[in-house]
Amino acid sequence: DMRNRIFTGSLVHDQPGFAEGLGIDNGLKDLTWSAAVGDDAAAVVGIERGWLAYRKKNIEMTLGRQRINWGMNVFWNPNDLFNAYDFFDFDHEERPGCDAFRLQFNTGGFSHIEGAFAADRDNKYTFAGLYRFNIRKYDFQMLGGRKKGTSVVGCGWAGGLGEAGFKGEVS
């Protein structure tokens, strides 16, 4: 998947290095290119998804730039270790992927065990494991790992309280 953007106007003209700043890619491999197009325009092209996948029965492996979505909430996602985002970045609805290896084992129904390892160009690594399961119409998850040198443990839940939804996550 690619994302292509064109910016025009006084912001491009008045801010030196505007196009170069848009071309920052923190992945293991730089897959984003930017260029000034005249004095008042800039173009940015980025590859945000590209992976190989292998599936056999209950096992799935993926390798490459992918979205690993471990968050359960809409706005605040401390459990989203691999592709965390800023809710106020309204310019980018679908979050960019990370360069990672991911292994999933479906244990049946609504439960699975998952592990992932991601690296970036600064040699900073994130690796973690996740267990998702369902009890009495509530989805739960537990996770643990290391994100760029910091140990992380967390949990999350999603279900209902009467007629209202009830979600949360903590790391």
Side-chain angles (χ1 to χ4, degrees), residues 1-5 7 11 22 24-28 31-32 44 46-120 122 124-171:
D1 292 343
M2 292 178 63
R3 182 172 188 228
N4 305 300
R5 298 180 292 166
F7 295 87
L11 181 63
L22 294 173
I24 296 172
D25 185 332
N26 292 324
L28 192 56
L31 300 176
T32 302
V44 182
I47 297 175
E48 296 190 345
R49 303 280 190 284
W51 68 88
L52 298 171
Y54 173 79
R55 291 183 187 105
K56 185 169 185 174
K57 295 186 180 181
N58 294 339
I59 295 175
E60 180 177 345
M61 291 185 282
T62 54
L63 176 66
R65 189 157 291 186
Q66 56 190 297
R67 173 82 166 102
I68 301 175
N69 182 11
W70 285 5
M72 297 183 89
N73 281 318
V74 177
F75 304 114
W76 181 65
N77 300 99
N79 290 350
D80 208 347
L81 302 180
F82 294 92
N83 299 109
Y85 68 93
D86 180 356
F87 172 71
F88 296 107
D89 182 9
F90 56 86
D91 180 46
H92 204 171
E93 273 183 43
E94 180 58 36
R95 304 301 161 212
C98 63
D99 297 333
F101 172 74
R102 181 181 190 183
L103 177 65
Q104 293 177 281
F105 179 71
N106 294 313
T107 57
F110 296 103
S111 65
H112 74 266
I113 298 169
E114 185 173 334
F117 173 84
D120 64 20
D122 296 329
K124 294 189 178 174
Y125 304 99
T126 299
F127 59 92
L130 173 80
Y131 176 49
R132 283 191 177 152
F133 56 98
N134 182 282
I135 297 175
R136 297 184 185 192
K137 298 183 182 178
Y138 258 86
D139 295 324
F140 293 96
Q141 69 181 27
M142 297 184 302
L143 61 95
R146 285 189 63 83
K147 180 176 177 74
K148 300 183 179 182
T150 302
S151 295
V152 178
V153 294
C155 65
W157 64 90
L161 286 175
E163 297 294 317
F166 180 55
K167 289 185 189 182
E169 58 188 83
V170 116
S171 287

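- Here the side chains of D139 and R132 are not in contact, with every heavy-atom distance at 4.5 Å or above.
- F166 and W157 have tilted rings, their planes meeting at an angle from 30° to 60° on a 0 to 90° scale.
- Using a distance-only test at 3.5 Å, with no hydrogens or angles considered, no donor-acceptor pair links the side chain of R3 to the main chain of E48.
- In this structure, N134 contributes its side chain and F110 its backbone to no donor-acceptor pair below 3.5 Å.
- Checked by atom type and distance alone, the side chain of E60 never pairs as donor or acceptor with a backbone atom of A53 at under 3.5 Å.
- Between the D25 side chain and the G27 main chain, a donor and an acceptor come within less than 3.5 Å of each other.
- With hydrogens and angles ignored, the 3.5 Å screen pairs a side-chain donor or acceptor of S171 with a backbone N or O of P78.
- A donor-acceptor contact shorter than 3.5 Å is absent between the side chain of Y131 and the backbone of L143.
- Between the side chain of N83 and the backbone N or O of I68 there is at least one donor-acceptor pair closer than 3.5 Å.
- Atoms CG and CZ, from L31 and R49 in turn, are 12.5 Å apart once rounded to the nearest 0.5 Å.
- K148 has a carboxylate O that lies under 4.0 Å from a charged side-chain N of D120, or vice versa, which qualifies the two as a salt bridge.
- Between A100 and Q66 the shortest heavy-atom distance is O-NE2, 2.9 Å.
- Residue I113 holds its CD1 atom at 11.0 Å from CD1 of I59, rounded to the nearest 0.5 Å.
- The closest donor-acceptor contact from the side chain of Q141 to the backbone of W70 lies under 3.5 Å.
- The OH atom of Y138 sits 13.0 Å away from the CZ atom of F133 when rounded to the nearest 0.5 Å.
- Ion pairing between D1 and R67 fails under the 4.0 Å rule for side-chain N and carboxylate O.
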